[in-house]
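Counting from 1, the numbers follow the sequence of the chain as shown.
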Amino acid sequence: SALEPRREAGSAAVLRFATDLAAKAAVPVETATLHGRPATLILEQSTSWAADVIVLGRAGLRRVGAPFVGSEVLHVLEFAEVPVLVVPAP
C-alpha cells in the first residue's frame, strides 16, 4: 500500500531507538524485522530464540468495556510457552 514505506521507516526508527537504549545500558539485544501477523511471529521467534521471557507494549487507548490489551497481545498471552510481560504505554 501507499503507507508501507512510511510504516517501514517508522518501524526502523523505533527499532534503532530501542537498540540504542540497550547498547547504552550494555544490554545485549537481538532484533529482527519480519512481516506477517505479529502474534504468530512473536511466538515463532520466541521459540526459535529460546526466549526466557516475551516483553510486549500495549497502547494506552481503550474504551469502556474493551479489553485492557489488544488482540495480538491477548493471543501471545494465551499461547506463549514462556512468561509474558506487558508494559503499559508511557
Side-chain angles (χ1 to χ4, degrees):
S1 80
L3 293 176
E4 194 61 31
R6 289 177 60 192
R7 184 178 303 141
E8 290 289 330
S11 297
V14 169
L15 193 56
R16 274 192 310 276
F17 178 76
T19 54
D20 289 348
L21 284 177
K24 288 177 185 173
V27 174
V29 64
E30 294 180 50
T31 65
T33 301
L34 306 169
H35 300 278
R37 181 176 180 204
T40 302
L41 294 168
I42 289 165
L43 292 168
E44 289 171 357
Q45 290 299 305
S46 71
T47 300
S48 70
W49 289 359
D52 296 318
V53 65
I54 298 171
V55 180
L56 301 172
R58 71 166 179 83
L61 305 174
R62 93 178 172 114
R63 64 184 191 284
V64 175
F68 196 58
V69 295
S71 61
E72 299 297 321
V73 173
L74 283 174
H75 187 86
V76 173
L77 285 167
E78 184 173 349
F79 293 102
E81 296 179 5
V82 297
V84 178
L85 173 63
V86 180
V87 181

Exercise for review: Output the distance between atom CD (E78) and atom CG (L74), rounded to the nearest 0.5 Å.
Suggested key: 8.5 Å
Revision key, fill the gap. Value for CG (L41) from OG1 (T33), rounded to nearest 0.5 Å, stands at 11.0 Å
For residues [X] and [Y], report the shortest heavy-atom separation together with the two atoms involved.
X: E72; Y: A39; answer: OE1-N, 2.8 Å
X: L43; Y: F79; answer: CD1-CB, 3.8 Å
X: V73; Y: G57; answer: CG2-O, 4.0 Å
X: D52; Y: P83; answer: O-CD, 3.4 Å

Exercise for review: Would you sort out whether H75 and I42 count as a side-chain contact (heavy atoms from CB on, under 4.5 Å), showing the intermediate values?
Suggested key: CA-CA 10 Å; H75 187 86; I42 289 165; over 6 Å; no
Check your understanding: Under a single-linkage definition using a 4.5 Å side-chain heavy-atom cutoff for Ile, Leu, Val, Met, Phe, Trp and Tyr, are V69 and V82 assigned to the same hydrophobic cluster?
Key -> yes
Point to revise | same_hphob_cluster(V29, L21) at 4.5 Å side-chain heavy-atom cutoff | key: no
Check your understanding: Does CD in E81 sit with more than 12 non-hydrogen atoms of other residues, nucleotides or ligands closer than 6.0 Å?
Key -> no
Revision key, fill the gap. Between V55 and the options V87, V86, V84, the side chain to side chain contact (heavy atoms under 4.5 Å, CB included) test singles out V87
Check your understanding: Between Q45 and E30, is a side-chain contact (heavy atoms from CB on, under 4.5 Å) present by the stated rule, with each step listed?
Key -> CA-CA 11 Å; Q45 290 299 305; E30 294 180 50; over 6 Å; no
